[in-house]
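What's counted below: heavy atoms across the whole structure, side chains too, no hydrogens, waters or symmetry copies.
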Amino acid sequence: MRYIWIARKGAFCKASILNEGWTCADLHGRQQGLSKADQSTRKQIFGANIIDVPVKSYLQLLFEEVLNPFYIFQVFSIILWMSDRYYYYAACILIISLISIGVSLYEIRKQSTTLRSMARLIVNVTVRRDTGEEECVSSEELVPGDCIVIPAEGLLLPCDAALLAGECMVNESMLTGESIPEMKTPLSVSTAAYSPESQRRHTLFCGTQLIQAKGGGSAGNGAIAVVTCTGFFTAKGDLISSILYPQPLDFRFYKDAMKFLLFLGLVALVGTIYSIVIISKSNVKLVIRSLDIVTIIVPPALPAAITTATIYAQNRLKRHGVFCISPPRINICGKTSLFCFDKTGTLTEEGLDVWGVMVVSGAVFSELVPDPLIFPPGLMLSALASCHSLALLGGQALGDPLELKMIESTGWVMAGFSQCFMFLKRYQPVAIIRRFPFSSSLQRMSVVTVGPGGASPDLTLKTCPVPSHFSPILREYTSQGFRVLGFAYKHLTKETDLSTVERSAVLVEVEKDMNFLGLLVMKNQVKPESAEVIRTLKLAQLRPVMVTGDNILTAVNVAGACGMVLSHEKVIFVHASPPTASSMASLQFHQGDGAVATINTQETIDIPSNGAGYHLAINGMSFAALCDHFPEYLPKILMRGTVYARMTPEQKTQLVKALQKLNYRVGMCGDGANDCGALRAADVGVSLSEAEASVASPFTSKSNNISCVPLLIKEGRCSLVTSFSLFKYMALYSLIQFASVLILYTEKTNLGDLQFLFFDLVLVTVLAIVMGRGGPSDELHPQRPAASLLSLPVLSSLLLHTVLSIQLLFYNSVTVFRYVPLNSTVTGAANLPNMEDTSIFALSGFQYIIMSIVITKGYPYKKPMYYNFLFVGALLVVFALMSWLVLFRHTIIHQLLQLYDINDMNYKLLLVAVAALNFFICYMLEVLIDQGALNCLRNLRGKRKSKKQYKRLDVQLAETPSWPPLNQPLFPTQCSVIGVS
């Protein structure tokens, strides 16, 4: 990525800043192409048009990997163990580390190679020069400002470009996950600033597949476009950059894990000082012994252990058709408190069925005609057949399922003809000569058509505003959940210059004074899974929110049908308007007519309300005015808002970010390109797509319904709780071994080489690996799991278990020393075997097994421990092994482990009994902590306000029953407000 010095800014800026001032007219002015000299100069500034992901050599990767703090610590530890003659242990750890490095290098190299092949795109492109000639060049030579000729058969686009002439059918699934091809139309000639996001309908993005192009070339084939961005400055380049350099996750669990490692480092420092004091009296290897404590208390496998749960959860999700490209976000799913849903295709079925057509006759509507086929030829039938953005490919129509249903209902046939499309039945053909696809900002689309013989063109408008005296009819259908589209037309004169009819101020003027034709009423069924999922989320105290681009009354009806709004709850509409020349900005709340879908009481009897008894519904225009002029009311409205309608893609993203500012962990589930921004902004983004992985969101589900959402939350909670358990287990393992070694140091001995190896590999590693396999609970509990490792329950659990373990080990040490004193002339491992070491070995081994059982939590986020068959099996095996080592007679295994031959069976049974007592006490302590024994401490300190803003606001609103003030216009405060993002 290239940076250049901008003198007026006094800083280095991205080279793409040179293109930011372009207007739409500037781009059209570049249709003649660049000269070769201009192209060469621009290439020196912008560089080659290639997204080159570096793939490092294995030697370079090895060097960087070995410099990782984890492996530096491992190298330090291995050298230390070798110098202390722990040859077997050091050799095993060395082999494991080498295998780990090898696997890591292979995976990193494989990922880099895969990403490079996905990012690197070099094709041949036809470029127009200022001389009028066209030449074929490599896409690496493209620079911003180049005019490219797109062939009729399309191509895989190697740059971002603005479409200037012709139409293109584009598959953008690589960027958005949206499998339905989208029609792109020419950019208008205007003085408005060009923006790829606001002019998305006229922008071709790098990496997308252009399926078909027509209407832009001299022969009516192909299209013309101007390059706007190249290389890493393209939309694809931005996505590749986000994969290479992802944003750090703001999640408390990961922050606390690092803080706890620092705490263990301080404990290691204390232990080192103690060991120096003890060992200095014995004239042994002072430095080696004291540093050995550091390798014990700070477990190098801790970071790897806490990712085990995430890996298991990711594999389970994959088996259910949910793919994840950001595994750390799985734990964040466990803390999700609010989930936003798109409506069409997410909560409701993708396709719509035509319910009927109502045609205007004079000043009234005719009766609803259920089948458009029985209509006589006329303007309404022509409008239904021609006002769309479909395209033909291989004789098959492609595009929006709604528009496909609309044409199908007319019985007309779509056929290609030159640069136009014709729609034929037994009536006269109609040809589309200009199309202006649906605009989120204008909330409408339009087409220019002509009849046979070159008759005067007609401008047809879809989703046009309905005349005010027809509003009651519109409200009646939308409140029942129907999708209603209005149609209007206008005759244009033959003298009209169609080249000037652009989606700009000119078109806005042309679209005035239209003649209203009628309404198309379509039924959009709620998916059968939606209501049950919403019910599950609400029972789990997870707040569902609908964010849609549809009509607000239709959205409210669907919210009622899927259980977001219950039949006994009120819907209050929020209307905010910006200031005008004659009036101030105003905000008003008024209650709806209560027309919410009737729901089966049997299905919703257990669904809790939101506690307030009402829900707020707001549309996109009011939301924009609210953010700009009433920011002080925005948090309260967000707290009670359930339906957000007529929202543009930018407003969906803005809503997600606003909810995050209230400290919500926000999830977003959608299925289309309009949701991409919100999916990336959300803490948990779920794209419903057929693709295995989409860069549009961290999670991609192959299912076409929202049943994946509860599954994702369950897996997130299970993974988070398991990560806690693994973290506590590894910490307790280190602390117990730390205490064991310090006690043995005091008695001038230590654990043997193979004893360390047995504990680390046979006991702890095996148990830690299989411990994380436990699956999620079948139910979603109303309470979310904790995310802080430094909370009172976690710290008190670690402290109490550690203190109890130390007491038992120390008591055993004192008892044994009374009967069998050690040889004081030998120290360390050279003093093996001895009864002191063997007793500590037995008790600490049982404690490692006991801790794995005690801290493995089940209910309510995981299935009980006995469902984890591998873990139960491993427990039985290691317990039987430890019991055999303690109770049975001496064998070659005992000799290899340097264990003392204890002849007193009563003492052996005492060791097992002490371990059993330890298990009972530890288990009871953990149960008491889980059951809220620490709540008494919280009660003593008094109830504190929540740190989360949304919880404080919820309490505040609950104490203010008079809010919101109904039917009372509110005006901005006197302070000047610029805006809220």
Side-chain angles (χ1 to χ4, degrees), residues 1-54 116 119-151 154-166 168 187 189 193-196 199 202-208 210 213 216-218 222-238 240-241:
M1 189 172 288
R2 296 204 171 193
Y3 288 80
I4 57 174
W5 176 261
I6 303 295
R8 68 177 185 276
K9 291 181 176 289
F12 282 97
C13 302
K14 292 181 180 180
S16 58
I17 195 174
L18 299 176
N19 307 332
E20 290 180 359
W22 283 354
T23 65
C24 298
D26 290 337
L27 291 173
H28 274 275
R30 298 184 181 276
Q31 287 194 61
Q32 73 275 12
L34 297 175
S35 65
K36 289 192 175 182
D38 282 345
Q39 191 272 342
S40 178
T41 303
R42 286 172 176 268
K43 188 176 180 182
Q44 290 179 0
I45 297 173
F46 294 98
N49 174 37
I50 188 168
I51 303 173
D52 195 11
V53 176
R116 180 188 179 93
R120 193 177 181 88
L121 174 60
I122 300 176
V123 295
N124 291 327
V125 183
T126 302
V127 177
R128 181 182 292 173
R129 296 298 179 201
D130 60 343
T131 58
E133 297 178 353
E134 294 181 355
E135 63 175 325
C136 184
V137 299
S138 170
S139 59
E140 292 180 278
E141 303 297 320
L142 293 177
V143 295
D146 265 331
C147 181
I148 59 175
V149 179
I150 300 171
L155 80 160
L156 190 60
L157 197 67
C159 60
D160 284 0
L163 184 61
L164 303 183
C168 291
L187 184 70
V189 181
Y194 171 75
S195 167
Q199 273 97 13
H202 318 295
T203 302
L204 307 173
F205 294 103
C206 177
T208 59
L210 307 188
S218 56
I224 304 297
V226 166
V227 178
T228 56
C229 292
T230 57
F232 275 100
F233 300 115
T234 62
K236 180 180 178 181
D238 186 51
I240 298 297
S241 296

(request) Evaluate the side-chain proximity of Asn124 to Ser139: yes if any heavy-atom separation is below 4.5 Å, no if none is. (result) no
(message) Assess whether a salt bridge exists between Glu141 and Lys43, defined as any Lys/Arg side-chain N lying under 4.0 Å from an Asp/Glu carboxylate O.
(response) yes
(request) May I ask you to check whether Thr23 and Asp26 show a side-chain donor-acceptor distance below 3.5 Å? (result) yes
(message) Just so I know, are the side chains of Asp130 and Leu34 near enough to count as touching, which here means a heavy-atom distance under 4.5 Å?
(response) no
(message) Do Arg128 and Ile224 have side chains that approach each other closer than 4.5 Å (heavy atoms only, starting at C-beta)?
(response) yes
(message) So which atom in Cys159 and which in Val227 form the shortest heavy-atom distance, rounded to 0.1 Å?
(response) SG-CG2, 3.7 Å
(message) Assess the residue pair Arg129 and Glu134 against the criterion (salt bridge (Lys or Arg N to Asp or Glu O under 4.0 Å)); give the C-alpha distance rounded to whole Å, side-chain angles, the decisive distance to 0.1 Å, and a yes or no.
(response) CA-CA 6 Å; Arg129 296 298 179 201; Glu134 294 181 355; over 6 Å; no
(message) Testing the basics here: between Thr228 and Ala161, what is the closest heavy-atom pair and its distance to 0.1 Å?
(response) OG1-N, 3.7 Å
(request) Answer whether the closest heavy-atom distance between the side chains of Ile122 and Ile50 falls below 4.5 Å. (result) yes
(message) I need the minimum non-hydrogen distance between Leu121 and Leu157, along with the two atoms involved.
(response) CD2-O, 3.3 Å
(message) For a 4.5 angstrom cut-off between non-hydrogen side-chain atoms, does Val127 reach Cys147?
(response) no
(request) Identify whether the distance between the nearest side-chain nitrogen and carboxylate oxygen of Arg116 and Asp52 falls below 4.0 Å. (result) yes
(request) Taking the side chain as every heavy atom from C-beta outward, state whether Glu135 and Thr126 have any pair of such atoms under 4.5 Å apart. (result) no
(message) Within the 4.5 Å heavy-atom criterion, are Leu204 and Ile150 side-chain neighbours or not?
(response) yes
(request) Side-chain contact test, heavy atoms from C-beta onward, threshold under 4.5 Å: evaluate it for Tyr194 versus Thr203 and give yes or no. (result) yes
